[in-house]
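In what follows, every chain begins at residue 1, and chains take the letters A, B, ... in the order their sequences are listed. Everything numeric here is computed off the predicted structure, so don't read it as measured data.
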2 protein chains.
Amino acid sequence: MPRDGSQTRTRILDAAEALVLERGYGGMSVERVIRQAGITKGAFFYHFKTKEALARTLLERFDAMDRAALEDNHQRAVRLGSDALQRLLVFVGLFEEAFAELEQPYPGCLYAAYIYEAKLFDADTQRTLGSSFLRWRGVLRGMLDDIVAERGGGEALDLEALADMFTVVLEGAFITAKAVDDASVIARQLGEYRKYVELLFAAGR
Amino acid sequence: MPRDGSQTRTRILDAAEALVLERGYGGMSVERVIRQAGITKGAFFYHFKTKEALARTLLERFDAMDRAALEDNHQRAVRLGSDALQRLLVFVGLFEEAFAELEQPYPGCLYAAYIYEAKLFDADTQRTLGSSFLRWRGVLRGMLDDIVAERGGGEALDLEALADMFTVVLEGAFITAKAVDDASVIARQLGEYRKYVELLFAAGR
DNA sequence: AGAAACATACAGACTATATGGTACATGATG
DNA sequence: CATCATGTACCATATAGTCTGTATGTTTCT
């Protein structure tokens, strides 16, 4: 066997992520991770000191991917949108596009999985979860502020709630899509959010 | 000791529900349920043959409460609303009212907790979860159809998505409220949904 | 009415297995 | 050969579930 363990490490993380989203962290055993990753205990505990360390690393990796997706689509929206409103609409549209391609119901969001088992994790992990949501709030809120700065009419709006609503709709759509076993739910729900934003500022225009 | 075990049974279910929402089903041990309920193993396994049986009963109880809340608020909305649009707006408003009173972030939805650990449960349980979501979809869809029947203009709308969006927003709001530790999120998100419906049919008017 | 006789509700010790984690040996690779 | 990466055997504890005992309530029969 090669002396490069990074593949093994990745396979462990991939297996664990899939299992957490299917069975929860508490319902996922190390033994099962090992089986699914096709390795042995020695390899597992070489890469991760404890199951808890795996949980932390898994969240860090997901957080990095999430952050990247957020920033990437934000920058694309900034390039593609002609004004502040268009930028937000494009931003949402990009996510719609991404989720429209899925056939299987999206496996789910690791944040949500952890939050529904919050007491299994330490305070630091829970802070990480909170700040992840606040990051989305911040970016969306920034885009909304830009719209209001350009067009005015922000007085009648709860901009924080409107910013949160993107995440809210996404998280809720993941759950609903799984529950009714229909992957199309996600893109369609994001479409409703986009339409809401459109309507809000078209009316206030 | 009294011979009426219904209190004990209820205490087991209450403890289990709280624990599932804090730690997930897989992260909840029978031992812990026993401790929290202040009973012993004998009592537990007298009332529930297995841990799985507890899970089923817990879901049945939650489902019954959920169904009751849905039907109750639906009927109240029917009585209070002057036309179809008002009925839906009142319906959403009633839930806003209920969640606005909460100080603590709502403990969460048992459906969502189960769905994020779906593979731990049998096919029958998963069907129950699906039909619970479809029940909400059905009621909301019915109210939306009524609005369209009265006012027209339903061609441009995805009524199914709009119906689902109530549940989607609620589920997403539960998660977000816990993540950012702010109970006000739930009522405010429902407020946004109500405003969206209002705007959609005010514009189409 | 009173006491067997029975049923219900619970306690607590016990068991088998699953699970997280360790120790150590072995193979590959620079 | 030295070190990194992995396999294997093993261990301690946690966990779901069992068994037996026992207190308390209910029914039945005289």
Can you tell me how far C1' of D/dC4 sits from CZ of A/Phe44, to the nearest Å?
19 Å

Quiz: residues 9-19 of chain B side-chain donor-acceptor pairs under 3.5 angstrom, not counting sequence neighbours:
from: B/Thr10; atom 1: OG1; to: B/Ser6; atom 2: O; distance (Å): 2.8
from: B/Arg11; atom 1: NE; to: B/Ala37; atom 2: O; distance (Å): 3.4
from: B/Arg11; atom 1: NH2; to: B/Ala37; atom 2: O; distance (Å): 2.5
from: B/Asp14; atom 1: OD1; to: B/Arg61; atom 2: NH1; distance (Å): 2.9
from: B/Asp14; atom 1: OD1; to: B/Arg61; atom 2: NH2; distance (Å): 3.0
from: B/Glu17; atom 1: OE1; to: B/Arg61; atom 2: NH2; distance (Å): 3.1

B/Tyr116 ring centre to A/Lys178 NZ or CZ under 6.0 Å, with the angle to the axis within 45°?
yes

Nearest-Å distance for atom pair CG/P, residues B/Leu120 and C/dA18:
16 Å

Atom CD of B/Gln7 to atom P of D/dT24: distance rounded to whole Å?
16 Å

At a heavy-atom distance below 4.0 Å, what parts of residues 24-32 of chain A sit against DNA chain C?
A/Met28, A/Ser29, A/Val30, A/Glu31

Rounded to the Å, how far apart are A/Ile39 CD1 and C/dG27 P?
20 Å

Using the test side chain to side chain donor-acceptor pair (under 3.5 Å), find all partners of A/Asp158 that sit at least two apart in sequence or belong to another chain.
B/Arg188

Applying side chain to side chain donor-acceptor pair (under 3.5 Å), can you list everything that pairs with B/Arg32, at least two apart in sequence or on another chain?
none

Shortest non-hydrogen pair, B/Asp63 vs B/Ser132, comes out as OD1-OG, 2.8 Å

Write down the distance between CD1 (B/Ile34) and C1' (C/dC10), rounded to a whole number of angstrom.
12 Å

Listed by chain and number, what are the side chain to side chain donor-acceptor pair (under 3.5 Å) partners of A/Asp146, not counting sequence neighbours?
none

Please list, by residue number, the residues of residues 45-57 of chain A whose heavy atoms come closer than 4.0 Å to an atom of DNA chain C; answer none if no residue qualifies.
A/Phe45, A/Thr50, A/Lys51

All salt bridge (Lys or Arg N to Asp or Glu O under 4.0 Å) counterparts of A/Glu97, not counting sequence neighbours
none

Listed partners of A/Leu120 passing side chain to side chain contact (heavy atoms under 4.5 Å, CB included), at least two apart:
A/Tyr25, A/Glu117, B/Arg23

ring-ring contact (aromatic ring centres under 6.0 Å, His included) partners of residues 155-184 of chain A, not counting sequence neighbours, each pair once
A/Phe91-A/Phe166, A/Phe95-A/Phe166, A/Phe99-A/Phe174, A/Tyr106-A/Phe174, A/Trp136-A/Phe166, A/Phe166-A/Tyr193

With sequence neighbours excluded, residues passing salt bridge (Lys or Arg N to Asp or Glu O under 4.0 Å) with A/Asp145:
A/Arg141

Short N/O separations, protein against nucleotides 13-15 of chain C, under 3.5 angstrom:
none

Contacts of A/Thr128 that satisfy side chain to side chain donor-acceptor pair (under 3.5 Å) - sequence neighbours left out:
none

